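In what follows, a single structure is set out as structure tokens and then discussed.
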Amino acid sequence: MIPKSFDYNTLEDKIYQNWLKSKCFQPKPGKQNDTFTIMMPPPNATGTLHLGHASMLAIQDIIIRFKRMSGYETLWLPGTDHAAIATQDKVENLQFQKTGKNRHDFGREKFLQLVDEFVKQSQETIVKQTKKMGASCDWDQTKFTLDPELQDAVTEMFIRMYNDGLIYRGDRVINWDPKMQTTVADDEVEYKEEYTNFYYFQFGPVVIGTSRPETKFLDDTIVVHPEDQRYKHLIGKEFTHEWINGEITSKVIADESIDMELGTGAMTISPAHSFIDYEIAQKNDLKYERIIDLEGKILSSASKECAGMTIKEARKKVVEILKEKDLVTDIQNNYYHKVAVNYRGGGIIEPQLMEQWFIDVNKTVVDWKDQKMSLKQVMQDVVRSNDIEILPNSQENVYFNWIDKLQDWCISRQIWYGHRIPAWFKDGEVKVQIDSPGEGWKQDPDTLDTWFSSGMWTFSTLGWPNQTEMLKKFHPTDVLETGYDILFFWVARMILMTTYATGQIPFKTVYLHGLVRDKNGDKMSKSKGNGIDPLEVIQKYGTDAVRLSLVMGTRPGQDVRLFEEKIASYRNFVTKIWNSTRFALMNLDFDKIDKEEIDPTKLSEADKWILHETQEMIQTQTELLNQYRLSEAGTKIYDFLWNDFCSWYLEISKKNLNNKVLYLALSDILKMLHPFVPFVTEELWKLLGHKEMLMLEEWPEMNKNLLFPKEKEQIDNLKKTITAIRSVMADFDVSKDSHITIQHKSQTVIETNQDVIKHMAKVKTLELTNDFKHIPKTITQVVTPEITILLHLDQNIDLEAEKEKLSLEASNLNNFIISLEKKLSNKNYTEKAPEHIVEETRQNLETSQKKLTKINQRLKALSE
RNA sequence: GCGCGAUUAGCUCAGCUGGCUAGAGCAUCUGGUUUACACCCAGGGGGUCGGGAGUUCGAAUCUCUCAUCGCGCACCA
């Protein structure tokens with residue numbers, strides 16, 4: 001005999017190994033004659049598995065298993081991302097702790113070797129953990145963004161974009177991280193709240209306000225709003241006055257972008273260290289000079305007194321200097337503002353004017369739908385025209401908002417770990433090509449933004465730029481499933497890169513899952529100690545339970561709260577699945593099953609009912625899963641197994657089991673459960689005597705010959721009857737020696753299931769009659785117009801109590817009837833509402849009226 | 001400032017294109033050693049679907065508005 005619950009700790013790994021051994025994860029042509037592809041978002045090569053990954057793996061695995069069983073040739077391709085900045089920073093920190101050396105002490109080559117070693121180790125961990133989640137991805141196709149072929153693809157992409165004029169090298173203000181010594185993309189900048197001093201300085205004819213005095217050494221332009229009455233008369237004029245480095249001549253210009261309300265409404269600009277100042281300077285053709293160097297220190301060209309000082313030191317010094325010159329008019333403390341920091345390392349971002357590589361998002365050179373479009377336009381078009389659907393749809397607005405504001409994308413990074421830029425310099429000349437153009441040419445030391453390569457993930461992994469069979473077959477992919485937090489970072493970039501490179505969309509659907517939070521809705525974090533380690537709860541509750549807890553009750557785009565009680569409840573469900581099959585195994589006669597055919601004339605009502613319900617469930621599951629409504633599908637199959645199959649079918653049929661029906665229904669249910677809980681169902685499939693893997697079974701199809709609507713109605717009546725008996729017995733506390741009379745009109749299902757009723761409702765004496773007359777010393781329960789239950793009580797019963805009960809029921813029913821009648825007497829309703837709704841209402845009214853009549857008759861009898 | 005989301009039972013959440021008297025799990029109460037399952041079985045209590053207005057024959061569902069919470073983007077001289 002098999003044990004009472006699924007021993008996940010010892011069986012999960014074995015089952016997974018069996019899947020691997022049988023090559024279940026590889027694409028195989030199926031009856032759909034079509035492919036279905038998911039590219040797994042590559043986890044960072046440095047990481048370990050967290051709940052975000054676990055949730056992503058659960059969702060994708062459910063989808064891919066469903067599609068595989070449905071007969072698609074499925075490819076789920078796994079891999080890892082080199083995550084340039086994050087990885088380099090992590091390894092550098094580790095090495096510094098260990099040896100006290102930074103990357104420059106090691107040198108580029110040696111340092112990259114250390115990173116490679118570290119990455120290799122991490123990748124193994126991530127792969128092992130991914131397997132633990134039951135992910136049925138094709139490990140033979142595993143890719144890494146720094147694989148040689150993927151590196152080649154990146155280089156090719158860069159060269160093509162350069163030749164098309166989409167990549168250019170230019171001077172722009174970029175986000176510079178002095179700590180990590182690299183540029184950072186706009187999206188990688190985070191803002192931290194801070195309180196600081198806000199200074200007011202006399203600058204020639206005006207007072208200016210600033211929180212950054214240390215950038216003001218060379219300022220000589222005052223900007224005001226053209227409509228500002230306070231300053232209008234100054235516009236265009238020049239003034240000679242004292243400033244930090246001595247006497248200067250400044251000029252007043254006007255610009256619309258000035259906010260009159262802010263500070264004094266007048267400001268000076270430092271174009272080399274501010275995005276907005278740079279824009280103003282460009283518009284007005286002003287010169288710009290650098291004040292702060294890449295280390296975050298003041299340049300001697302800006303100030304002799306402050307040269308070499310840090311920003312903090314220089315700020316103090318500048319204020320001192322201006323105080324001496326009596327140019328400080330006010331200092332306000334506790335000024336609230338936000339400081340830009342690098343989200344990956346926390347260094348404070350200093351805007352710098354630098355020469356970098358950029359992708360031009362506005363140049364209209366991309367061929368798309370027989371037109372020339374800009375990258376920006378293509379990105380808008382594919383979502384607007386529904387080539388790509390984003391789930392939830394509300395995120396499409398977020399996407400468009402982002403695109404509208406999108407600026408040229410700075411793709412060069414001054415770090416070592418990553419894809420080297422294929423550009424060569426010599427005497428101010430630039431050549432973009434794979435190999436060195438010859439003697440004296442030096443390759444650009446910079447590497448590419450990590451999202452440049454991950455943007456190519458759907459096609460670089462399939463062999464692009466070569467037109468491989470894989471690429472032709474599996475691209476575009478079908479669904480991209482990832483967290484909404486990387487919609488811009490990654491999803492948008494994939495659309496940009498893929499449409500340009502391949503002329504195809506990267507995927508048809510974007511499914512954005514929410515973040516996993518704790519029970520209070522707080523983000524899980526190590527410092528708070530509220531995190532759940534997926535591997536720990538897998539150990540405790542099993543992978544199937546963890547997967548369910550990450551999928552059930554979720555919607556795309558909505559955060560998920562996870563806590564142990566929730567996981568435990570799904571562990572209980574896994575046990576329930578186990579025991580329902582265990583029961584079947586104890587009762588099935590395996591020798592006969594293959595030879596048996598379904599003969600509708602020999603089936604009980606319950607048999608027909610469960611076959612009917614199973615067919616409908618197949619239909620429902622298929623529809624919901626095709627629409628990626630995983631939680632709804634999961635909830636429905638959960639309910640079906642637990643209630644319909646276990647609580648009703650098995651209990652009704654216990655004493656009269658039909659081998660074949662039990663087997664058929666259970667098999668279909670296990671198949672439908674499989675995508676959600678692959679381990680326990682696979683094990684049970686084996687115990688049912690199958691040699692083939694469940695995961696390769698065909699998804700069931702609805703069989704119209706197994707629909708029995710009449711029996712469905714009959715069993716529904718039986719269920720109502722049993723529930724009513726149980727309820728009335730509990731109300732009057734008769735657990736032993738219960739005596740029930742069922743009055744009914746032509747209900748064969750009651751006749752044939754007397755034993756079932758006795759057993760399931762625990763009735764000791766049961767009588768049936770077609771006579772609806774009142775019997776003394778009984779409590780009445782009207783189930784349907786055709787079925788009434790009488791509970792016999794020995795002692796004198798409290799007539800008033802029963803009257804009260806019946807009266808309450810009658811009054812509720814009466815209210816209901818009134819509402820229905822009101823509806824039906826409303827012409828607008830009967831004319832405008834759909835016919836089937838009105839018909840339903842009519843029937844409902846009829847049934848309710850009949851039922852009410854019965855109750856009233858009984859009430860009348862009681863009063864006599 | 002612009003935008004997005006949430007608000008349904010004590011807790012965590014379902015409820016698709018508006019349509020039977022609003023659901024689940026957990027918790028709670030009552031009663032159960034029924035030979036698949038106490039990680040179980042049976043029964044019960046608990047909600048004016050955040051407030052207000054509107055559209056409609058009909059609103060938890062659509063529109064507007066207010067409130068509270070959360071998030072994103074921009075600005076930050």
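Below, chain A is the first sequence line, B the second, and so on; all start at residue 1. As the structure is a prediction and not an experimental result, all values here were calculated from the model.
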Using a cut-off of 4.0 Å on non-hydrogen atoms, how would the nucleic acid contact of [X] be classed: base, sugar-phosphate, or nothing?
| X | result |
| --- | --- |
| A/S274 | nothing |
| A/R726 | sugar-phosphate |
| A/N826 | sugar-phosphate |
| A/K832 | base |
| A/F201 | nothing |
| A/F563 | sugar-phosphate |
| A/Y570 | nothing |
| A/T554 | nothing |
| A/R555 | sugar-phosphate |
| A/T635 | nothing |
| A/K762 | base |
| A/D277 | nothing |

Closest nucleotide among [options] to the [X] side chain:
| X | options | answer |
| --- | --- | --- |
| A/N828 | B/C57, B/C26, B/U21 | B/C57 |
| A/P834 | B/G19, B/C73, B/C57 | B/G19 |
| A/F816 | B/C73, B/C4, B/C20 | B/C20 |
| A/F488 | B/A36, B/G19, B/C73 | B/C73 |
| A/A833 | B/A14, B/C39, B/G19 | B/G19 |
| A/Y191 | B/C37, B/A77, B/A74 | B/A74 |
| A/S394 | B/G19, B/G5, B/A77 | B/G5 |
| A/K4 | B/G25, B/C37, B/A36 | B/C37 |
| A/I276 | B/A14, B/C76, B/C4 | B/C76 |
| A/Y638 | B/C40, B/A36, B/G25 | B/G25 |

Under-4.0 Å side-chain N/O to phosphate OP1/OP2 contact, [X] with [N]:
| X | N | value |
| --- | --- | --- |
| A/S211 | B/C76 | no |
| A/R561 | B/U12 | yes |
| A/S727 | B/G44 | yes |
| A/K405 | B/C73 | no |
| A/N579 | B/C39 | no |
| A/W648 | B/C41 | no |

What about [X], does its side chain sit under 3.5 Å from the base of [N] through a donor-acceptor pair?
| X | N | value |
| --- | --- | --- |
| A/R582 | B/C37 | no |
| A/N401 | B/C73 | no |
| A/K338 | B/C76 | no |
| A/Q558 | B/A14 | no |

If the test is ring pair (Phe, Tyr, Trp, His ring centres under 6.0 Å), which one of A/Y200, A/F201, A/Y195 qualifies with A/F198?
A/Y200
Test ring pair (Phe, Tyr, Trp, His ring centres under 6.0 Å) applied to A/F488 and A/Y399, A/W402, A/F400, the passing residue:
A/W402
Base-pairing assignment for [N] (Watson-Crick or G-U wobble, both under 3.5 Å):
| N | value |
| --- | --- |
| B/G10 | B/C26 |
| B/C69 | B/G5 |
| B/C40 | B/G32 |
| B/G58 | none |

Between [M] and [N] - [atom1] atom distance, rounded Å:
| N | M | atom1 | answer |
| --- | --- | --- | --- |
| B/C26 | B/A14 | C1' | 14 Å |
| B/A59 | B/U17 | C1' | 15 Å |
| B/C49 | B/U7 | C1' | 10 Å |
| B/U65 | B/C4 | P | 12 Å |
| B/C16 | B/A60 | P | 12 Å |
| B/G25 | B/G46 | C1' | 15 Å |
| B/G44 | B/C39 | P | 24 Å |
| B/G50 | B/A9 | C1' | 15 Å |

Send over the distance from [X] [atom1] to [N] [atom2], rounded to a whole Å.
| X | N | atom1 | atom2 | value |
| --- | --- | --- | --- | --- |
| A/Q849 | B/C20 | CD | P | 20 Å |
| A/E279 | B/C76 | CD | P | 10 Å |
| A/L391 | B/G5 | CG | P | 14 Å |

Starting at the 5' end of RNA chain B, which residue's closest nucleotide do you reach first, A/W402 or A/S5?
A/S5
Quick check: on RNA chain B, is the nucleotide nearest A/Q627 upstream (toward 5') of the one nearest A/D733, or the reverse? Name the residue that is more 5'.
A/Q627
Thinking salt bridges, do [X] and [Y] make one under a 4.0 Å N-O criterion?
| X | Y | value |
| --- | --- | --- |
| A/E846 | A/K850 | yes |
| A/D716 | A/K720 | no |
| A/E616 | A/K636 | no |
| A/K283 | A/D255 | yes |

I need the single residue from A/T543, A/L673, A/V677 that forms a side chain to side chain contact (heavy atoms under 4.5 Å, CB included) with A/V574. Which is it?
A/V677
Pair A/Y541 + A/Y570: ring centers closer than 6.0 Å
no
Would you say the ring centroid of A/F679 lies under 6.0 angstrom from that of A/Y8?
no
Within the distance-only criterion (no hydrogens, no angle test), does the side chain of A/W243 pair as donor or acceptor with the backbone N or O of A/D220 below 3.5 angstrom?
no
